[in-house]
Amino acid sequence: MPQEDKTATVRDERYDPQRVESKWFERWQADASLYAAEPASTKPKYYVLEMLPYPSGALHMGHVRNYSIGDALARYMWMNGYNVLHPMGWDSFGLPAENAAIANNTPPREWTLRNIANMKAQMKRLGFAYDWSREVTTCLPDYYRWNQWFFLKIYERGLAYRKKSKVNWCPKCATVLANEQVAGGYCWRHEDTLVEQRDLEQWFLRITNYAEELLRDLDKLEDWPDKVRTMQRNWIGRSEGTLVDFDLGGTVGPAGSTITVFTTRVDTIYGATSVQLAPEHPLVADFTASNAELRDKVEQLKAEQRKAKESGDIGEIEKHGVFTGRYAKNPYNGEALPIWVANYIVMDYGTGAIMSVPAHDERDYEFARKYKLPIKVVLVPSSSDPEETVAEPQLPFTTYEGVVVNSGEFNGLDCDDAIRKMSEHAEKKGFGRATVTYRLKDWGISRQRYWGTPIPMLYCEKDGIVPVPEKDLPVILPENVDITLTGGSPLGRVPEFVNAKCPKCGGPARRETDTMDTFVDSSWYFYRYADANNDRAPFDSKVVGYWFPIDQYIGGVEHAILHLIYSRFWTKFMRDMGMVENDEPVERLFTQGMIIKDGAKMSKSLGNVVTPDEMVERYGADSARMYTLFATSPDSELDWQDSGVEGVSRFLARAYRFVTQRPIAGVTAPYSPNDLTPQARGILRKLHQTIKKITDDFSGRWHFNTSVAALMEFLNQCVAADEIFAAHGDNCAPKPFVGDVQRKFVLLLAPFAPYLANELWEMLGEKENLLRAPWPKYDPELAKEEEIEIPVQVNGKLRGRITVPADADDGSVRERALADEKVKATIAGKQVVKVIIVPGRLVSLVVR
RNA sequence: GCCCGGGUGGCGAAACUGGCAGACGCACGGGACUUAAAAUCCCGAGUUCCGAAAGGAACGUAUCGGUUCGAUUCCGAUCCCGGGCACCA
């Protein structure tokens with residue numbers, strides 16, 4: 001029989017991943033529709049998404065890990081009958097392309113597209129099942145034109161505005177630097193040049209309009225990691241407090257001028273002994289106008305603060321301050337408080353001005369001690385004993401568990417009441433009001449860079465700021481721009497780009513030369529996947545309505561804040577525009593751990609990098625992928641060990657042999673488990689336990705490391721039953737049984753090692769695409785153990801083991817336990833006080 | 001300083017709801033096959049102690065304490081590692 005001959009030839013062949021993988025690679029290359037999502041389907045939809053990479057040149061192992069998780073899930077969902085959307089794209093604008101262009105004299109576009117081609121080839125070689133017909137490349141006009149379109153919509157709705165704002169400026173480069181290009185306050189290219197802060201006109205998006213909703217809706221994201229939700233909550237930084245106006249008494253500015261301070265502890269305001277201003281506070285300039293000495297001191301404070309901020313330790317700045325010689329009136333008690341300028345007060349939180357209450361604030365206490373300012377107690381610990389005289393609290397006393405004293409009409413209130421009543425009082429009298437502040441700032445999107453989306457705005461001498469009309473989009477990013485020159489936005493040096501006509505008056509106008517932050521690109525790219533080739537709109541709302549929200553998003557935790565907040569913001573504003581119906585883009589989020597090796601994060605500078613290419617070459621894609629899943633659970637840090645890849649590779653070779661030594665092709669007749677030998681029944685039982693285990697892992701905790709371990713256990717048991725699976729094993733187990741075991745094993749392997757699984761699937765005579773083959777179902781009856789071993793504890797210590805039928809009742813288990821020789825010896829001469837039986841798990845005896 | 005994770009054999013790890021700690025893999029030791037090696041297959045193994053052996057005992061999940069018949073798991077305190085935020089008023 002020809003069939004037998006074929007079996008004989010494969011049997012001696014060793015598992016050669018290169019041969020197997022190149023064969024399937026070629027086939028998959030030829031079939032573009034293989035992983036295509038169906039536009040309309042009666043199947044339930046499933047949108048699985050992995051964070052798109054920046055095309056830096058080559059994939060690293062972190063990518064392989066990320067994408068192996070998503071790919072396993074996508075394949076599993078396909079096999080479970082879902083219409084799966086599993087796309088990929090390129091976050092391809094950004095600074096490295098410009099740096100590379102300068103270093104290699106290659107235009108950013110060319111450099112980027114070359115990298116994309118290389119990384120796409122790597123992804124294909126790794127066997128990731130992406131629908132490439134939906135590929136999104138953010139640096140191409142058919143994508144970024146929609147960034148521009150969105151910008152116009154945002155501007156129309158008043159959510160984009162222009163404001164002066166501080167940027168990093170290197171005087172030697174004569175250009176703006178991104179934060180990442182500033183190291184310890186110095187320029188990255190000129191290590192001896194201090195970076196300055198300059199005021200530049202920049203475009204901002206009003207994300208703060210959504211601060212409250214972004215915060216509130218975090219509660220809805222139950223399938224996001226708590227860690228990410230907490231990080232976002234902190235980032236938004238909602239804080240309730242009170243604004244209070246301190247009258248300047250006409251000493252400066254027009255009569256009636258005030259300083260507004262923000263405080264969360266208005267209950268302590270009677271204890272304020274000074275007012276502290278940030279060095280950047282606008283009033284400071286007025287105070288120093290006629291006092292050169294004071295001005296110098298303030299400049300010094302400013303410099304100290306800037307330096308501390310840049311080097312990231314504003315938290316440890318040594319507190320300095322200077323008295324301005326002016327006073328402000330505390331509206332609650334009329335006290336005149338000295339106004340100071342201090343280096344630890346920052347302008348970009350609250351109002352840049354605080355009231356200083358040394359007795360009840362750590363920082364104010366420290367400052368007051370240093371400069372010998374008065375310390376006034378207005379809060380004492382609430383005592384359970386009303387007779388007890390008011391204790392002098394240990395200073396500074398900063399908790400909310402206190403009672404207000406020395407505070408006029410508010411004496412005796414506890415903190416929460418005092419805060420409420422004193423805010424109301426201020427409001428009634430007109431010198432203050434309760435307020436909410438956020439740490440979240442509006443999103444500055446202007447970048448003085450070349451390689452980004454041009455902001456579609458014009459400046460006309462007559463008409464001022466004029467948006468580019470929608471019909472003129474896209475504003476194409478010009479090529480052949482010299483970006484090696486220094487001095488502001490590179491686009492500003494391209495006259496053909498800058499010089500334009502005002503769409504209103506037809507007169508000369510100047511184009512905006514800044515480009516957009518690349519986080520704009522990644523804020524909505526996943527909507528584009530749903531309708532990637534639409535040339536009339538960013539996407540069709542109906543199509544997006546079908547696919548959204550994203551069922552599962554997978555990526556690194558490093559994007560927990562910026563990318564994921566901007567994305568949520570973008571979704572909310574698109575919803576308000578009527579473009580989408582979902583409030584949130586992502587239903588479930590998974591953040592995988594990073595990869596370390598030899599105790600440190602894998603990085604080129606540390607020289608501990610393992611590349612996907614070398615892994616694929618040495619072990620094949622299946623082994624490399626499966627190892628990233630096997631080494632540890634996906635959410636943990638992965639400690640890379642080359643020998644671990646070897647282990648997985650050995651397992652795959654065993655799996656190959658397991659099927660090829662006796663491939664039962666095309667035999668699918670039913671068989672009765674009752675006709676099997678005990679050993680074969682054991683295998684069948686283990687098979688169904690393994691199906692359950694892996695199915696549970698996919699629907700639950702995603703501990704794919706234990707899924708792979710379960711496959712290994714199963715295979716080990718099969719290998720031990722050699723006579724069943726060896727050639728000519730017919731008299732040990734019937735063919736239908738062997739074929740059934742082999743097919744199900746291959747199906748279980750498919751999400752983790754797609755190349756090998758497809759090869760074995762074909763070898764078993766299957767013609768149908770493995771992705772469309774149904775995921776095996778486990779049968780609880782077949783998975784059930786007949787006999788189980790139960791430990792017996794005496795006074796909490798393990799003293800014996802008994803073997804009982806799986807369905808034994810408590811009475812017989814108890815009898816067995818007490819009859820066990822070792823147990824009997826231990827409890828001899830003692831009285832059994834209590835017997836605890838946990839069905840199927842253990843017996844615990846308490847004796848005296 | 002505050003908020004999250006985490007600490008288990010020689011190594012990577014597992015243990016889902018409080019129920020046999022160390023599954024699975026690596027490395028290691030022994031054996032089979034081989035002229036030999038590689039590959040493969042089988043067996044062993046937490047530590048310490050007792051025993052010639054079969055076998056047995058004690059200890060053991062960062063440290064100390066608590067709850068419980070029983071704790072890697074729950075509670076309290078401490079130490080260490082990683083991440084996030086940080087004079088945020």
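The model shown is predicted, which means the values in this text are computed figures rather than measured ones. Quick note: numbers below take in every heavy atom, side chains included, and nothing from hydrogens, waters or symmetry partners. Here is the naming used below: chain letters follow the sequence lines, and residue numbers restart at 1 for every chain.
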Classify the nucleic acid contact of D639(A) as base, sugar-phosphate or nothing, counting any heavy atom under 4.0 Å across all strands shown.
-> sugar-phosphate
Mate of [N] where both pairing distances stay under 3.5 Å, Watson-Crick or G-U:
N: A54(B); value: none
N: C74(B); value: G66(B)
N: A45(B); value: none
N: C2(B); value: G84(B)
N: A21(B); value: none
N: A14(B); value: none
N: U40(B); value: A32(B)

Check side chain to side chain donor-acceptor pair (under 3.5 Å) between Q592(A) and all other residues, then give those that pass, not counting sequence neighbours.
-> none
Side chain to side chain donor-acceptor pair (under 3.5 Å) filter on T273(A), not counting sequence neighbours, yields none
Contacts under 3.5 Å, N or O only, protein and nucleotides 68-70 of chain B:
from   : atom 1 : to      : atom 2 : distance (Å)
C69(B) : O2     : S844(A) : OG     : 2.6

Please list, one pair per line, the donor and acceptor atoms closer than 3.5 Å that link side chains of residues 230-241 of chain A to other protein atoms, with sequence neighbours excluded.
from    : atom 1 : to      : atom 2 : distance (Å)
T230(A) : OG1    : D226(A) : O      : 2.8
Q232(A) : OE1    : R568(A) : NH1    : 2.8
Q232(A) : NE2    : A560(A) : O      : 2.9
R233(A) : NH2    : D219(A) : OD1    : 3.4
R238(A) : NE     : E212(A) : OE1    : 3.0
R238(A) : NE     : E212(A) : OE2    : 3.3
R238(A) : NH1    : E240(A) : OE2    : 2.8

Closest to the [X] side chain, choosing from [options]:
X: T632(A); options: A13(B), C42(B), G84(B); result: A13(B)
X: R799(A); options: G84(B), A58(B), C3(B); result: A58(B)
X: R841(A); options: U40(B), C20(B), C42(B); result: C20(B)

Within the structure, does a side-chain N or O atom of [X] lie under 4.0 Å from either OP1 or OP2 of [N]?
X: R439(A); N: A89(B); answer: no
X: S239(A); N: A89(B); answer: yes
X: K597(A); N: G12(B); answer: no

Would you say the side-chain atoms of [X] and [Y] include a donor-acceptor pair closer than 3.5 Å?
X: D697(A); Y: T706(A); answer: yes
X: S633(A); Y: N705(A); answer: no
X: E335(A); Y: N330(A); answer: no
X: E646(A); Y: Q641(A); answer: no

Rounded interatomic separation in angstrom, taking CZ from R233(A) and P from A86(B) | 17 Å
Counting only non-hydrogen atoms, which of residues 269-281 of chain A are less than 4.0 Å from RNA chain B?
-> none
K692(A) and side chain to side chain donor-acceptor pair (under 3.5 Å): which partner among D696(A), T695(A), T690(A)?
-> D696(A)
Produce a footprint string for nucleotides 23-33 of chain B: one letter per nucleotide, 5' end first; B if the base is under 4.0 Å from any protein heavy atom, S if only the sugar-phosphate is, - if neither.
-> BBSSS------
Inter-nucleotide P distance (U72(B), U61(B)), Å rounded = 7 Å
